[in-house]
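Below is one structure, written out as structure tokens; comments come after it.
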Amino acid sequence: MGSKQYGIMVADPGGEYTKLLFIMGSRKKARELAGTIKGRKVAVVVKKSPGSDSLNDIVVNGAIVEILEEREAGENG
């Protein structure tokens, strides 16, 4: 059983998620990094396995991820 890969996605000015950054094994660090990004919608995500079949899964830059939490531009957390 491997460790989970948490990360963040950053939306472009139109609100579409286009950038994906992974931080190995730490949801807390992903949340902290998401809190430093100002003026863009961000989401804390976890990477899923290729066989995953959840309604919450999305594909960004070829990676399958599940959004755990989202923050709108300007929201602190």
Side-chain angles (χ1 to χ4, degrees):
M1 178 182 211
S3 65
K4 292 185 179 183
Q5 290 183 320
Y6 294 97
I8 64 168
M9 291 190 308
V10 181
D12 64 16
E16 293 287 324
Y17 289 115
T18 56
K19 295 188 176 30
L20 179 62
L21 303 167
F22 279 111
I23 301 163
M24 299 293 280
S26 178
R27 183 175 181 173
K28 180 181 176 184
K29 288 188 180 200
R31 292 184 77 213
E32 289 172 359
L33 181 58
T36 66
I37 297 172
K38 306 296 182 208
R40 297 284 176 104
K41 185 168 85 169
V42 296
V44 175
V45 300
V46 63
K47 187 174 182 180
K48 305 292 287 240
S49 65
S52 177
D53 187 22
S54 169
L55 296 175
N56 296 330
D57 292 352
I58 61 172
V59 178
V60 176
N61 296 343
I64 302 169
V65 296
E66 179 181 355
I67 296 176
L68 301 174
E69 58 187 271
E70 287 183 282
R71 295 184 186 165
E72 293 297 324
E75 217 178 297
N76 292 325

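All figures in this text were calculated on a predicted structure; none of them were measured in a lab.
A chain of hydrophobic side-chain contacts below 4.5 Å, direct or via other Ile, Leu, Val, Met, Phe, Trp or Tyr residues, connects I67 to L20. When hydrophobic clusters are built by joining Ile, Leu, Val, Met, Phe, Trp and Tyr residues whose side-chain heavy atoms come closer than 4.5 Å, directly or via intermediates, V45 is grouped together with I58.
In this structure, the separation between NZ on K4 and CG on L68 is 8.0 Å, given to the nearest 0.5 Å. Put simply, CZ on R31 and CZ on R71 are 5.5 Å apart, with the number rounded to the nearest 0.5 Å. Atom OG1 of residue T18 and atom CE of residue M9 lie 9.5 Å apart, to the nearest 0.5 angstrom. To the nearest 0.5 Å, atoms CD (E72) and NZ (K41) are separated by 5.5 Å. Atom CG of L21 and atom CG of L33 lie 6.5 Å apart (nearest 0.5 Å).
Taking the charged nitrogens against the carboxylate oxygens, E69 and R27 do have a contact shorter than 4.0 Å, which makes a salt bridge.
Remark: K19 engages V10 in a side-chain contact (heavy atoms from CB on, under 4.5 Å) (not counting sequence neighbours). Under the side-chain hydrogen bond (donor to acceptor under 3.5 Å, both in side chains) criterion, Y17 pairs with E70, sequence neighbours left out.
Paired with K48 under the rule side-chain contact (heavy atoms from CB on, under 4.5 Å), one option of V59, D57, V65 passes, and it is D57.
When all heavy atoms are compared, the tightest approach of A30 to G7 is CB-O, 3.8 Å. Across every non-hydrogen atom of A34 and I8, the tightest pair is CB-CG2, 3.8 Å.
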